[in-house]
2 protein chains.
Amino acid sequence: MGRPREFDQDKVLDAASRVFWANGYEATSTRALSEATSLTPASIYNAFGDKRGLFLSAMEHYLNSTIRNRIARHEALPSASAALTGFFTESMDRALSDPDQRGCMLVNTALESTPRNPELTEFVAAEMRQIEAFFLRVIKTGQKNGEFPKDLKPEDLAAQFLTLLMGMRVLSRVRPEAKLFNSLIRPAFAQLGLVWPNRTRKISPTL
Amino acid sequence: MGRPREFDQDKVLDAASRVFWANGYEATSTRALSEATSLTPASIYNAFGDKRGLFLSAMEHYLNSTIRNRIARHEALPSASAALTGFFTESMDRALSDPDQRGCMLVNTALESTPRNPELTEFVAAEMRQIEAFFLRVIKTGQKNGEFPKDLKPEDLAAQFLTLLMGMRVLSRVRPEAKLFNSLIRPAFAQLGLVWPNRTRKISPTL
DNA sequence: TTCATTATGGAGCGGTCGTTCTAGAAATGA
DNA sequence: TCATTTCTAGAACGACCGCTCCATAATGAA
């Protein structure tokens, strides 16, 4: 019933999340969003309510197409070692190959959200718990398999890997250096008896 | 020559940095800065040039009174163990006792700065290198002393501690949980043969 | 005293912000 | 066909943005 929408929601959210990701919520104007999505203000407000609504939808879209997707793909791998190595390899390559040094939209949002936006803060916190839970599952599996030593508490290790990931995302905004990242991941992996194969800066595709 | 200033620069920068720290650069209006500092716009612009100038001065003030000060105090301690333990104890207590969960102004700024502000990005990067250098000095001293084992590369350890600190600062905005922080610091300290005394949430003074 | 210089208070500048409004277009159901 | 509903284009709203201007006040130098 009624006139159908002319835009592709996925493409719109893709464009919107790119802008929010690069500039943050506050520094992104609704005009910039209009231009990026090729949507008029009326269409945006009709479809998403307001700027915050579009941001939340764009954030969901971002999480699904990056972090959640990455977790699902690597958790499906046969070994815990491969899952962990693959996850960090991909994370590091992405961080180093982004010419805009946008880091991670989740981390960017974490530092832009304040206790005055408790729902947003809780949303970010919950997503970080999901990442931590992924690490916990992988580590427990690896310990059960015999891939990883069993003397270390998996909860501690999961928290460590989460923080390593968060710290890397901060550093990738200001110091996207392969050498730095290698010296972070190598000792963390060594705890689990894993050898981290040093990686070098990856040139981004020109699109 | 000319009329003297009526305000105390230190108090003004203290007030300004509080507002920037809590809300970020973009979300802080010059009106809010006027109110917080009790200065008219004319006085602010006369003294600091523009909003960015005030921000940079406030940032310097913040760094001097927090991170740089903390580094200097702990590096003066007789043992490397005490320096490292004291530094992280204070960092963790500060993070957990802040009712506004402002995290670290340096980290907040790191994620708000873009490659379009290369000077700001470089400023943040340089400050982070200073923190890393502090860790490196302490670790090298500890290894020379015999306080820390010598089999681990001090450069790797310094990078690790920097990332741990950055990651903690991200998490402190959204998940300021003492238990989480203890499980992060404990294993990192264990590498150096240090025992981390678990800490609990510290209630902030009511001022 | 006078003058040059700098600081302050407060009004207000042009511009941009997030958002809404109105007119009309494109679909469905009767 | 026509009423109803939803979506789109583009102008425009009031609010707020960063910042400047102007008159006046407070200092040191001559």
Side-chain angles (χ1 to χ4, degrees), chain A residues 1-59 61 105 108-109 112-114 116-117 119-120, chain B residues 1-59 61 105 108-109 112-114 116-117 119-120:
Chain A
M1 190 74 162
R3 176 173 170 179
R5 291 191 178 158
E6 294 176 3
F7 62 87
D8 178 337
Q9 171 130 341
D10 237 50
K11 284 182 184 169
V12 163
L13 291 179
D14 217 69
S17 66
R18 261 174 225 278
V19 184
F20 277 129
W21 187 4
N23 303 108
Y25 179 81
E26 288 290 342
T28 300
S29 72
T30 53
R31 267 114 183 132
L33 291 165
S34 265
E35 191 173 3
T37 59
S38 305
L39 253 50
T40 58
S43 290
I44 291 179
Y45 279 80
N46 178 59
F48 302 100
D50 58 7
K51 184 185 173 184
R52 171 162 297 270
L54 175 56
F55 177 79
L56 291 175
S57 294
M59 178 73 132
H61 176 86
M105 189 172 165
N108 300 356
T109 304
E112 211 176 338
S113 86
T114 66
R116 291 190 203 168
N117 288 125
E119 333 80 35
L120 182 58
Chain B
M1 189 74 161
R3 177 172 170 179
R5 291 189 180 162
E6 292 177 5
F7 63 85
D8 178 336
Q9 172 128 344
D10 237 49
K11 284 181 184 170
V12 163
L13 291 180
D14 217 69
S17 66
R18 261 174 224 277
V19 184
F20 277 129
W21 187 4
N23 302 108
Y25 179 80
E26 288 291 342
T28 300
S29 72
T30 53
R31 266 117 183 132
L33 291 165
S34 265
E35 191 173 1
T37 59
S38 305
L39 253 51
T40 58
S43 290
I44 290 179
Y45 280 82
N46 179 60
F48 301 100
D50 58 7
K51 184 186 174 184
R52 172 161 297 271
L54 175 57
F55 177 79
L56 291 175
S57 295
M59 178 74 131
H61 176 85
M105 188 174 167
N108 299 356
T109 304
E112 211 176 339
S113 86
T114 66
R116 292 191 203 165
N117 288 125
E119 333 81 35
L120 182 59

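Here the structure is a predicted model, which means the values were calculated and not measured. Side-chain atoms are counted along with the backbone in the values below, which use heavy atoms only and exclude waters and symmetry mates. Below, chain A is the first sequence line, B the second, and so on; all start at residue 1.
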Problem set entry | Test side-chain contact (heavy atoms from CB on, under 4.5 Å) applied to B:Leu120 and B:Thr114, step by step | CA-CA 8 Å; B:Leu120 182 59; B:Thr114 66; over 6 Å; no

Problem set entry | Check against side-chain contact (heavy atoms from CB on, under 4.5 Å), A:Phe48 and A:Val12 | CA-CA 11 Å; A:Phe48 302 100; A:Val12 163; 4.2 Å; yes

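Contacts of B:Phe48 with the nucleic acid, taken as non-hydrogen atoms under 4.0 Å apart, are absent.
For B:Phe55, the ring pair (Phe, Tyr, Trp, His ring centres under 6.0 Å) partners are B:Phe20, B:Tyr25, not counting sequence neighbours. The side chain to side chain donor-acceptor pair (under 3.5 Å) check on A:Ser113 picks up A:Thr121, with sequence neighbours excluded. Applying the side chain to side chain donor-acceptor pair (under 3.5 Å) criterion to B:Gln9, with sequence neighbours excluded, gives no partner residue. Contacts of B:Asp50 classified as salt bridge (Lys or Arg N to Asp or Glu O under 4.0 Å), with partners at least two apart in sequence or in another chain: none. A:Arg52 meets the salt bridge (Lys or Arg N to Asp or Glu O under 4.0 Å) test with no other residue; sequence neighbours excluded. Contacts of B:Ala47 classified as side chain to side chain contact (heavy atoms under 4.5 Å, CB included), with partners at least two apart in sequence or in another chain: B:Arg5, B:Phe7.
Across B:Val19 and B:Ala36, no two heavy atoms sit closer than the pair CG2-CB, 3.5 Å. Of all heavy-atom pairs spanning A:Ala16 and A:Leu54, the tightest one is CB-CD1, 4.1 Å. Across all non-hydrogen atoms, the minimal contact from A:Asp10 to A:His61 is O-CE1, 3.7 Å.
Of the residues in residues 49-57 of chain B, those placing a heavy atom less than 4.0 Å from an atom of DNA chain D are B:Asp50, B:Lys51, in numerical order. Residues from residues 30-42 of chain A placing a heavy atom under 4.0 Å of any atom in DNA chain C, listed by number, are A:Thr30, A:Arg31, A:Pro41, A:Ala42.
Taking 4.5 Å as the limit, every side-chain heavy atom of B:Glu112 sits out of range of all side-chain heavy atoms of A:Glu112.
The interatomic distance linking B:Asn46 (CG) with C:dA7 (C1') rounds to 6 Å, in whole Å. Remark: P of C:dG9 and OH of B:Tyr45 are 17 Å apart, rounded to the nearest angstrom.
Sorted by first then second residue, the side chain to side chain donor-acceptor pair (under 3.5 Å) pairs that include residues 26-47 of chain B, not counting sequence neighbours, are B:Thr40-B:Ser43.
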Could you go over nucleotides 25-29 of chain C and give all protein N or O partners under 3.5 Å, atom names and distances?
from, atom 1, to, atom 2, distance (Å)
C:dA25, N3, A:Arg3, NH1, 2.9

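Extent of DNA chain D lying under 4.0 Å from chain A heavy atoms, first and last nucleotide in 5' to 3' order, is D:dT5 to D:dA12.
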